[in-house]
Amino acid sequence: MNLHELLHKDELTREEIVYLLSLKNEDDKNLLYTRADEVRQFYCYDEVHLRGIIEISNYCDQNCFYCGLREANLTLTRYRMSPEEVIATAQMITNLGIFTIVLQSGEDHGFDTDLIAYIIYSIKQQTNAAITLSLGERGFDEYRAWKIAGADRYLLKHETANPKLYSLYHNKQKLSDRIEHLKFLKNIGYQIGSGNMIGLPMQTVEDIADDILLCKEFDLDMAAFGPFIPSPNTPYQSKNSGSVELTLNTMAVARLILKNVHIPATTALATLDEDGRIKGLNAGANIIMPDFTPNPYREQYQIYPDRKCLKDDPRKCRSCLQLQLESIGRRVSSSRGDSLKLTPNEIINWSFK
Ligand code: SAH
Ligand code: SF4
């Protein structure tokens, strides 16, 4: 079977996925990205959804080996935004015409169930935005309370589908737990996002193929694939960054396999490559997640160093992105950008919530 036929197959085997992920020749990669772009166009049209991130706290009880927020990193100045600051930032984001707010933090139990519920409820009262939570693994009762308070989506990356690697990267957590959490979140009605990091130490292309297949099994609403970037004061500070090429290949193959799913061009990709966002949007992505965390906090949210746009004024972000998108024939969506898997009835119910 030639590459063209392979790219038009409805189902791909693990071996075929590994083959596509490993493409290096420019012409072959261009064929892959063009096909991913066609599939993206079919399911998502030309709209790009913006998700405004507020990094509400950089405290974390976990010790993920790759991440600068890990508890053992004592060099970091820690912060926790006040509910009023978070709510005001969410209002600023919706005033810019961005209708998904992502509340992200380390696994910070100092932000307790009620405080988070209060923030969610207040934002839902004052704006018509969807709320995505990205707060790490929390209690099942907490997920339920936050859903009742109005949260719509939960982003919890599985990071790697290889249980041995997962245990190496996380000395306190297990892959089986993460999978249980994702299943629970889906069962109680969250739209769920997951995904991996590309280029983690010891990871193989076969592992990445398994990551995509696990995303398929989860029947995700959003799948995020971002490159690993070594972070100072972590055990992996001297490791190499993930490859931009392999990240783009992964996003494109994921689009072929997962089809009607949201795929972001991640900030990590834009950090490693000046044109990373545009390259990602041309290789299957339909989402951008700009950071709206106010100063001085945004500089202290050091998951990895030198994040793209870290020093820019967030209020200029939307118009800057709009220009970039228009240059490739895409446009900023003015909708919430809910799951592409909702039925027409579900969409009506969501919009009346
Ligand atoms: N604590 C939450 C949310 C914050 S971390 C959680 O872990 O889910 C958000 C994401 O940042 C993680 O899922 C991980 O994929 C990514 N990340 C962490 N360290 C990184 C690094 N060094 N390079 C690139 N991405 C990283
Ligand atoms: Fe904490 Fe998330 Fe970083 Fe892990 S990836 S150390 S849970 S912030």
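Heavy-atom basis, side chains included; hydrogens, waters and symmetry copies ignored. Each residue takes its place number in the sequence, starting with 1.
- Under a cut-off of 6.0 angstrom, the local environment of NZ in Lys29 is crowded, with over 12 non-hydrogen atoms contributed by other residues, nucleotides or ligands.
- By the 30° and 60° cut-offs, the orientation of the rings of Tyr154 relative to Trp146 is parallel.
- The 12-atom threshold is exceeded at CG of Asn295, counting heavy atoms of other residues, nucleotides or ligands nearer than 6.0 Å.
- Distance check, rounded to the nearest 0.5 Å: CG of Leu220 to CG of Asn260 gives 11.0 Å.
- What you find for Leu32 and Leu20 is that their closest heavy atoms are CD2-O, 4.0 Å.
- Residue Tyr118 places its OH atom among 12 or fewer non-hydrogen atoms of other residues, nucleotides or ligands, all under 6.0 Å distant.
- Among pairs with a residue in residues 12-60, those fulfilling ring-ring contact (aromatic ring centres under 6.0 Å, His included) read His49-His262, at least two apart in sequence or across chains.
- Of the listed residues (Arg51, Lys147, Lys124), just one forms a salt bridge (charged side-chain N to carboxylate O under 4.0 Å, His left out) with Asp152, and that residue is Lys124.
- From Asp61, atom CG reaches atom CD of Glu137 across 12.0 Å, with rounding to the nearest 0.5 Å.
- A donor atom on one side chain and an acceptor atom on the other are not found under 3.5 Å apart for Asn162 and Gln203.
- Checking each of His158, Lys174, Arg178, Glu159 against Tyr166 for a side chain to side chain donor-acceptor pair (under 3.5 Å) leaves exactly one that passes, namely Arg178.
- Using modelled atom types, one finds a donor on one side chain and an acceptor on the other under 3.5 Å when comparing Thr100 with Arg153.
- Judged by distance alone, the side chains of Thr34 and Asp37 never bring a donor and an acceptor atom under 3.5 Å apart.
- In terms of heavy atoms, Asp108 sits closest to Ser57 at OD2-OG, 2.7 Å.
- The 12-atom threshold is not exceeded at NZ of Lys164, counting heavy atoms of other residues, nucleotides or ligands nearer than 6.0 Å.
- Applying the salt bridge (Lys or Arg N to Asp or Glu O under 4.0 Å) criterion to Arg78, with sequence neighbours excluded, gives no partner residue.
- Between Ser194 and Phe218 the shortest heavy-atom distance is OG-CE1, 4.4 Å.
- The two atoms that bring Lys308 and Ala270 nearest to each other are CD-O, 3.5 Å, heavy atoms only.
- The backbone N or O of Ala161 lies less than 3.5 Å from no partner atom in the side chain of Asn196, so there is not a single donor-acceptor pair.
- The list of ring-ring contact (aromatic ring centres under 6.0 Å, His included) pairs with a residue in residues 65-96, not counting sequence neighbours, reads Phe65-Tyr236, Tyr66-His170, Tyr79-Tyr297.
- Residues Asp275 and Asp273 approach most closely at N-OD1, 2.8 Å, considering heavy atoms.
- Centroid-to-centroid, the aromatic rings of Tyr143 and His181 come within less than 6.0 Å.
- Here the OG atom belonging to Ser105 is positioned 9.0 Å from the CG atom belonging to Leu133, to the nearest 0.5 angstrom.
- Within a 6.0 Å radius of NZ in Lys9, more than 12 heavy atoms belonging to other residues, nucleotides or ligands are found.
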